[in-house]
Student: 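The following block contains the structure, expressed as structure tokens.
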Amino acid sequence: MQTLYGYQVKPGSDDTLFFALTLEECQEAALKQRREMREEIGCRDIDAMAVYECLFRIDLISLLELLNAPEGAYEKVLLSKTLICVVAD
């Protein structure tokens, strides 16, 4: 098993999570995306982004499943997803 951290632009939605190895890297990536959204799209009121601790099943069978059918990849190996904080500025 492996733990990764993921943030989601719209908490609780079906939007894709963006993953990092550490909580700090995940928070930095979320803050960077927030800055880019403000600069590129002109968004001013951006809701807080959820940060999750995600536990994954990682083994050769999981890898084969991902390689042969990459659609919905992380859901196939995700064991748990726990909200641990939000990123807002």
Side-chain angles (χ1 to χ4, degrees):
M1 289 188 264
Q2 179 66 48
T3 300
L4 295 175
Y5 297 88
Y7 73 89
Q8 192 171 39
V9 174
K10 282 183 119 178
S13 70
D14 288 336
D15 289 349
T16 302
L17 273 79
F18 301 89
F19 295 100
L21 289 174
T22 68
L23 175 58
E24 293 78 18
E25 290 173 353
C26 187
Q27 290 171 313
E28 287 175 23
L31 287 169
K32 180 180 177 191
Q33 182 164 0
R34 293 174 70 80
R35 283 191 300 272
E36 290 172 355
M37 289 171 69
R38 284 192 179 95
E39 293 169 5
E40 296 173 10
I41 310 172
C43 293
R44 292 288 166 227
D45 297 325
I46 303 171
D47 292 336
M49 295 177 176
V51 177
Y52 300 95
E53 182 179 78
C54 301
L55 183 62
F56 291 94
R57 170 179 54 95
I58 302 297
D59 53 34
L60 284 177
I61 299 301
S62 303
L63 179 59
L64 282 173
E65 289 176 13
L66 295 176
L67 292 172
N68 289 326
E71 310 80 31
Y74 76 86
E75 291 96 349
K76 294 177 183 176
V77 294
L78 181 66
L79 295 173
S80 68
K81 179 175 88 173
T82 306
L83 177 68
I84 56 171
C85 67
V86 295
V87 173
D89 48 7

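Side-chain atoms are counted along with the backbone in the values below, which use heavy atoms only and exclude waters and symmetry mates.
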Student: List the atom of Lys76, the atom of Glu65, and the distance in Å for their closest heavy-atom pair.
Tutor: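 Shortest heavy-atom separation between Lys76 and Glu65 comes out as NZ-O, 4.1 Å.
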Student: Apply ring-ring contact (aromatic ring centres under 6.0 Å, His included) to Tyr5 and list each qualifying residue two or more places apart in sequence or on a separate chain.
Tutor: none
Student: Counting only heavy atoms not in Leu60 (residues, nucleotides, ligands), do more than 12 fall under 6.0 Å from its CG?
Tutor: no
Student: Which distance, rounded to the nearest 0.5 Å, do you find between the SG of Cys54 and the CG of Leu4?
Tutor: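 The SG atom of Cys54 sits 7.5 Å away from the CG atom of Leu4.
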Student: Considering non-hydrogen atoms only, spot the tightest contact between Arg38 and Ile46 and give its length.
Tutor: CG-CD1, 3.7 Å
Student: Tyr52 and Phe56: same hydrophobic cluster, using ILVMFWY side-chain contacts below 4.5 Å?
Tutor: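 Linked within one cluster.
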Student: Between Ala50 and Leu83, what is the shortest heavy-atom contact and its length?
Tutor: CB-CD1, 3.6 Å
Student: Where is the tightest heavy-atom contact between Ala20 and Cys26, given as atom of each residue plus distance?
Tutor: CB-N, 3.6 Å
Student: Looking at Ser62 and Arg57, what are the two nearest heavy atoms and their distance?
Tutor: OG-NH1, 2.9 Å
Student: Starting from Val9, can I reach Val86 by hopping between I/L/V/M/F/W/Y residues whose side chains sit under 4.5 Å apart?
Tutor: no
Student: Establish whether Leu23 and Leu31 are linked, either directly or via other cluster members, by ILVMFWY side-chain heavy-atom contacts under 4.5 Å.
Tutor: yes
Student: What heavy-atom pair brings Glu53 and Ile84 nearest, and what distance separates the two atoms?
Tutor: CB-CG2, 3.9 Å
Student: If I take atom NZ from residue Lys32 and atom CZ from residue Arg34, how far apart are they, to the nearest 0.5 angstrom?
Tutor: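 Reported value, rounded in 0.5 Å steps: 15.5 Å.
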Student: Should Leu17 and Leu78 be regarded as members of a common hydrophobic cluster, given that ILVMFWY residues are connected when their side-chain heavy atoms come within less than 4.5 Å of each other, either directly or indirectly?
Tutor: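 Same hydrophobic cluster.
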Student: Report whether Leu79 and Leu21 are members of the same hydrophobic cluster (ILVMFWY, side-chain heavy atoms less than 4.5 Å apart, transitive linking).
Tutor: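 No: no chain of side-chain contacts under 4.5 Å links Leu79 to Leu21.
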